[in-house]
Amino acid sequence: QVQLVESGGGLVQAGDSLTLSCVASGRPFGSYVMGWFRQAPGKEREFVAAIRWIGVSTSYSESVKGRFAISRDNAKNTVYLQMNSLKLEDTAVYYCAADRRTTLVTRRSEYNYWGQGTQVTVSS
């Protein structure tokens with residue numbers, strides 16, 4: 001059983017940086033894709049970024065491209081989301097997701113495993 005545990009959320013000011021972590025356990029993740037999604041109050045859960053467990057391919061939503069960076073540490077089975085220049089509209093619950101495939105996918109329905117989420121609140 002795949003387990004994903006996020007951490008690193010918190011309350012920050014606009015313009016600040018924050019790094020989220022997602023520790024994955026339960027399977028060898030060499031053939032998995034890992035993603036970050038977020039859900040703001042009253043809105044649909046939306047794609048943020050994705051990375052393959054093997055290789056260097058990444059994908060970002062247009063709203064975070066150039067500000068956020070997804071990375072991984074294979075030895076620690078951990079995926080990170082470095083968030084810079086945070087904006088008020090980045091406020092959301094951030095979820096880590098995983099699926100056993102080697103293509104970068106961006107749709108919520110394409111991920112079978114989810115963490116419990118971590119709250120990020122950006123204040124002015």
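Since the model is a prediction, treat every value here as computed from it, not as a measurement.
- Considering only heavy atoms from C-beta on, Trp36 comes within 4.5 Å of Glu6 through its side chain.
- Here Arg72 pairs with Asn74 under the side-chain hydrogen bond (donor to acceptor under 3.5 Å, both in side chains) rule; sequence neighbours left out.
- Judged by distance alone, the side chain of Tyr60 and the main-chain N or O of Ile70 form a donor-acceptor pair under 3.5 Å.
- Listed by chain and residue number, Arg38, Arg67 satisfy the salt bridge (Lys or Arg N to Asp or Glu O under 4.0 Å) test with Asp90 (two or more places apart in sequence, or in another chain).
- Annotation: the span from Arg100 atom CZ to Tyr113 atom OH amounts to 8.5 Å, rounded to 0.5 Å.
- When all heavy atoms of Gly9 and Val120 are compared, the closest pair comes out as CA-CG2, 4.1 Å.
- In terms of heavy atoms, Gln116 sits closest to Val5 at OE1-CA, 3.9 Å.
- Residues meeting the side-chain hydrogen bond (donor to acceptor under 3.5 Å, both in side chains) test with Ser123, sequence neighbours left out: none.
- The side chain to side chain contact (heavy atoms under 4.5 Å, CB included) test with Met83 is passed by exactly one of Val48, Leu20, Val122, Val12: Leu20.
- Here ring pair (Phe, Tyr, Trp, His ring centres under 6.0 Å) pairs that include residues 5-35, with residues two or more places apart or in two chains, are Phe29-Tyr32, Phe29-Trp53.
- Under the 4.5 angstrom side-chain criterion for Ile, Leu, Val, Met, Phe, Trp and Tyr, Val56 has no cluster partners at all.
- The salt bridge (Lys or Arg N to Asp or Glu O under 4.0 Å) contacts involving residues 8-29 comprise nothing, where partners must be two or more places apart or lie in separate chains.
- Side-chain contact between Asn77 and Ser25 is absent, with no heavy atoms from C-beta onward closer than 4.5 Å.
- A pairwise comparison of heavy atoms in Ala98 and Met34 identifies CB-SD, 3.5 Å as the closest pair.
- Residues passing the salt bridge (Lys or Arg N to Asp or Glu O under 4.0 Å) test with Glu89, sequence neighbours excluded: none.
- Applying the salt bridge (Lys or Arg N to Asp or Glu O under 4.0 Å) criterion to Lys87, with sequence neighbours excluded, gives no partner residue.
- Here the shortest heavy-atom pairing between Gly10 and Leu18 reads N-CD2, 4.0 Å.
- Under the rule for a side-chain hydrogen bond (donor to acceptor under 3.5 Å, both in side chains), the partners of Ser17 that lie at least two apart in sequence or sit in another chain are Asn84.
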Item checked: Residue pair Ser7, Thr118: steps toward the side-chain contact (heavy atoms from CB on, under 4.5 Å) verdict -> CA-CA 6 Å; Ser7 62; Thr118 185; 5.8 Å; no
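- Contact record, Ile51 with Ser71: CD1-CA, 3.9 Å, taken as the closest heavy-atom pair.
- Glu110 contributes atom CD, which lies 13.0 Å from atom CZ of Arg108 (distance to the nearest 0.5 angstrom).
- The side-chain hydrogen bond (donor to acceptor under 3.5 Å, both in side chains) search around Glu62 returns Lys65, not counting sequence neighbours.
- Hydrophobic cluster membership for Phe47: Val33, Phe37, Val93, Tyr95, Leu104, Val105, Tyr111, Trp114 (Ile, Leu, Val, Met, Phe, Trp, Tyr linked by side-chain heavy atoms under 4.5 Å, directly or transitively).
- Within the 4.5 Å cutoff, the side chain of Thr78 has no heavy atoms near those of the Cys22 side chain.
- By the salt bridge (Lys or Arg N to Asp or Glu O under 4.0 Å) test, Arg101 pairs with Asp99, sequence neighbours left out.
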